[in-house]
Chemist: 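Just passing along the structure, written as structure tokens.
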Amino acid sequence: MKLKIAVLPGDGIGPEVTSQAVKVLKAIAQEFDHSFQFKYASVGAVAIDEFNDPLPKKTLDLCKSTDAILFGAIGDPRFDNNPSAKIRPEQGLLKLRKELGLFANIRPVKAYDNLLDKSPLKRQIIKGTDISIYRELTGGIYFGEKSLSEDGNTASDLCEYSRMEIERIAHLAFKAAQTRKNKVTLVDKANVLESSRLWRRVVTEIASDYPDVSLDFLFVDNAAMQMILNPKQFDVILTENMFGDIISDEASVIGGSIGLLASASVGNKYAMFEPIHGSYPQAKNLGIANPIASILSAAMLLDHFELFEEADLIREGVEKSLKLNITTPDLNTKYNHISTAKVGDFIEDFINNPHDTNMNFSNIHLGQSTII
Ligand code: IPM
Ligand code: MG
């Protein structure tokens with residue numbers, strides 16, 4: 001398959017982790033005889049520095065001319081600590097999502113057996129957790145009208161949803177549930193918010209098209225508690241933009257590191273793949289950032305084009321790296337100095353030699369005996 005992929009590394013650790021995902025995609029292309037072409041563009045704080053625009057037109061045009069987008073991270077403390085900044089890196093990401101119509105953000109959350117003890121939650125609570133969060137991404141309070149009174153003392157952000165915006169992601173969530181455990185949980189705040197009551201009404205109607213899928217409802221405050229009390233009860237979680245943002249960071253605790261969580265953002269025409277973690281500026285250029293979320297986002301990119309065997313091979317490589325402790329310091333208590341690039345090298349090697357059970361890979365300089 002021929003694919004043209006826009007790579008937007010962005011800020012902080014974005015470039016380091018994204019380059020590992022590109023490395024892995026190149027290995028896949030070589031092994032499976034695909035042709036992946038990578039085109040780079042800037043976004044976020046680096047784009048503000050260079051073009052005074054967090055999403056330069058050139059970047060947006062490139063995204064529109066490619067088959068898929070691999071996104072790194074955006075954010076910079078220079079802006080976080082300055083509430084009056086008019087131009088902010090996050091605007092680049094939000095505009096990209098909106099302009100490309102990426103209305104559904106899919107965030108898989110899984111407890112890996114090898115990492116059960118890395119989570120602060122008890123292993124018996126998280127073991128076997130496998131959740132797919134469907135977060136609405138281009139509506140709600142993120143995109144509603146914003147205002148600040150002239151005296152600067154009153155502010156408002158409007159949370160608005162239309163039936164159409166709810167329907168299109170709800171269908172995707174129900175379809176996903178049909179390939180999983182046939183359960184959708186709608187997370188909302190329908191006891192307080194009118195917009196949530198609309199979600200309940202529309203999603204309930206749509207549920208009748210999917211009689212094999214059960215639908216239940218949870219208020220977001222209760223859902224936040226259930227997520228750490230009994231995460232195994234969830235299959236597909238469907239929710240609006242901001243609740244999904246919050247719940248998915250919370251859910252990342254189950255996996256043991258936020259550095260593991262990948263995501264796909266899809267619309268009718270475009271698709272973008274990005275780790276859910278942020279730019280982690282403190283770790284920039286230290287080689288300690290976990291590249292797995294970015295690498296798993298690359299696997300989701302391949303899934304999107306129905307390259308399932310290829311995507312599975314990446315996931316197998318990731319699981320192998322976790323099993324053998326070829327992991328960055330957020331997960332690794334056994335070996336020192338396994339860098340971002342080393343993890344990428346290992347997974348690249350695995351793809352090139354999936355049947356090399358000796359794991360004596362050329363790029364790993366740990367020595368076989370230390371690895372196994
Ligand atoms: C995410 C991030 C973004 C969001 C930020 C960077 C704007 O937290 O993708 O979860 O809130 O959507
Ligand atoms: Mg977030």
Side-chain angles (χ1 to χ4, degrees), residues 1 3 5 7 13 16-34 36 38 68 70 72 107-116 118 130 252 255-264 273-277 287-332 334-335 337-368 370-372:
M1 183 179 282
L3 289 178
I5 301 169
V7 184
I13 59 166
E16 296 160 61
V17 295
T18 309
S19 67
Q20 303 315 308
V22 169
K23 187 190 276 178
V24 165
L25 283 172
K26 283 183 175 161
I28 290 286
Q30 199 189 338
E31 282 306 302
F32 291 83
D33 235 354
H34 298 305
F36 299 159
F38 299 94
L70 195 60
R107 300 185 159 182
V109 177
K110 202 176 144 175
Y112 291 94
D113 280 346
N114 300 109
L115 298 179
L116 294 177
K118 298 288 185 286
D130 182 356
S252 74
S257 169
I258 195 165
L260 295 173
L261 254 66
S263 85
F273 303 86
E274 57 174 310
I276 86 148
H277 61 67
I288 59 170
N290 192 337
I292 289 183
S294 186
I295 291 171
L296 289 175
S297 299
M300 291 185 86
L301 183 155
L302 297 175
D303 279 334
H304 182 75
F305 294 99
E306 298 185 356
L307 300 175
F308 299 123
E309 195 186 334
E310 290 82 338
D312 284 345
L313 189 58
I314 294 183
R315 284 189 277 261
E316 236 180 274
V318 165
E319 296 213 12
K320 199 75 162 186
S321 77
L322 297 176
K323 192 161 165 211
L324 298 179
N325 252 299
I326 313 294
T327 53
T328 43
D330 51 317
L331 293 174
N332 208 324
K334 197 163 170 198
Y335 302 120
H337 313 303
I338 296 191
S339 66
T340 309
K342 271 270 187 320
V343 175
D345 289 345
F346 176 84
I347 295 167
E348 176 192 34
D349 265 349
F350 179 83
I351 290 163
N352 293 332
N353 314 277
H355 306 297
D356 181 351
T357 45
N358 288 325
M359 295 292 149
N360 198 10
F361 296 154
S362 55
N363 281 330
I364 298 295
H365 306 293
L366 295 167
Q368 192 182 347
T370 11
I371 302 180
I372 296 175

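Just the heavy atoms: all of them, side chains too, but no hydrogens, waters or symmetry mates, feed the values below.
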Chemist: Kindly write out the residues that satisfy side-chain contact (heavy atoms from CB on, under 4.5 Å) with Thr328, not counting sequence neighbours, or none if the list is empty.
Modeler: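 Counting only residues at least two positions away or on another chain, Thr328 forms a side-chain contact (heavy atoms from CB on, under 4.5 Å) with Asn290, Pro291, Asp330, Thr340, Val343.
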Chemist: The criterion is side-chain contact (heavy atoms from CB on, under 4.5 Å); which residues satisfy it with Ala299, sequence neighbours excluded?
Modeler: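 Ala299: side-chain contact (heavy atoms from CB on, under 4.5 Å) contacts with Ala311, Ile314, Arg315.
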Chemist: Quick check for you: to the nearest 0.5 Å, what is the distance between Asp303 atom CG and Ser297 atom OG?
Modeler: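 Between atom CG of Asp303 and atom OG of Ser297 there are 11.0 Å.
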Chemist: Tell me, do Thr327 and Leu115 make a side-chain contact under 4.5 Å, heavy atoms counted?
Modeler: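 No; the side chains remain at least 4.5 Å from each other.
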Chemist: Taking all non-hydrogen atoms of both residues, which atom of Ala289 and which atom of Val17 are closest, and how far apart?
Modeler: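 Shortest heavy-atom separation between Ala289 and Val17 comes out as CB-CG1, 3.9 Å.
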Chemist: Evaluate the side-chain proximity of Leu313 to Phe350: yes if any heavy-atom separation is below 4.5 Å, no if none is.
Modeler: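 Phe350 reaches Leu313 side chain to side chain.
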Chemist: Which heavy atom of Ile13 sits nearest a heavy atom of His277, and at what distance?
Modeler: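 That closest heavy-atom pairing would be CD1-CE1, 3.6 Å.
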Chemist: Does a side-chain heavy-atom distance below 4.5 Å link Phe273 with Leu302?
Modeler: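 A side-chain contact is absent here, since even the closest heavy-atom pair is not under 4.5 Å.
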Chemist: Could you tell me which non-hydrogen atom of Ser294 sits nearest to which non-hydrogen atom of Thr18, and how far apart they are?
Modeler: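 Of all heavy-atom pairs spanning Ser294 and Thr18, the closest is OG-CA, 3.6 Å.
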Chemist: Are the side chains of Phe346 and Ile338 in touch, meaning some heavy atoms are under 4.5 Å apart?
Modeler: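 Not touching, per the 4.5 Å side-chain cut-off.
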Chemist: How many angstroms lie between atom CE of Met1 and atom CD of Glu306, to the nearest 0.5 angstrom?
Modeler: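 Between Met1 CE and Glu306 CD, I get 7.5 Å after rounding to 0.5 Å.
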Chemist: Taking all non-hydrogen atoms of both residues into account, name the closest pair between Phe38 and Lys26 and its distance.
Modeler: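 Nearest pair, atom of Phe38 first, then Lys26: CE1-CG, 3.7 Å.
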Chemist: Any chance you could measure Ser321, atom OG, to Asn332, atom CG, to the nearest 0.5 Å?
Modeler: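 Between Ser321 OG and Asn332 CG, I get 10.0 Å after rounding to 0.5 Å.
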Chemist: So which atom in Ala341 and which in Lys23 form the shortest heavy-atom distance, rounded to 0.1 Å?
Modeler: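 Minimum heavy-atom separation between Ala341 and Lys23: O-NZ, 3.3 Å.
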Chemist: Report the distance from atom CG of Asn325 to atom CG of Leu331, rounding to the nearest 0.5 Å.
Modeler: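 Reported value, rounded in 0.5 Å steps: 8.5 Å.
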Chemist: Does the side chain of His34 reach to within under 4.5 Å of the side chain of Leu307, using non-hydrogen atoms?
Modeler: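 Answer yes - side chains close enough.
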Chemist: Quick one: CG on Leu296 to CG on Leu261, what's the gap to the nearest 0.5 Å?
Modeler: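 Result: 8.5 Å between the selected atoms.
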Chemist: How long is the span from the CD1 atom in Ile276 to the OG atom in Ser263, to the nearest 0.5 Å?
Modeler: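 These two atoms lie 7.5 Å from each other.
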Chemist: Name all residues meeting the ring pair (Phe, Tyr, Trp, His ring centres under 6.0 Å) criterion together with Tyr112; count only those two or more places apart in sequence or in a different chain, and write none if there are none.
Modeler: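 Applying ring pair (Phe, Tyr, Trp, His ring centres under 6.0 Å) to Tyr112 gives none.
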Chemist: Any side-chain heavy atom of Leu3 within less than 4.5 Å of one from Leu301?
Modeler: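 Yes, side chains in contact.
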Chemist: To check you understand the geometry: which heavy-atom pair defines the closest contact between Ala293 and Ala262, and what is its length?
Modeler: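 Smallest interatomic distance, heavy atoms only, reads O-CB, 3.5 Å.
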Chemist: With a 4.5 Å heavy-atom cut-off, do Phe32 and Glu309 have their side chains touching?
Modeler: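 In contact.
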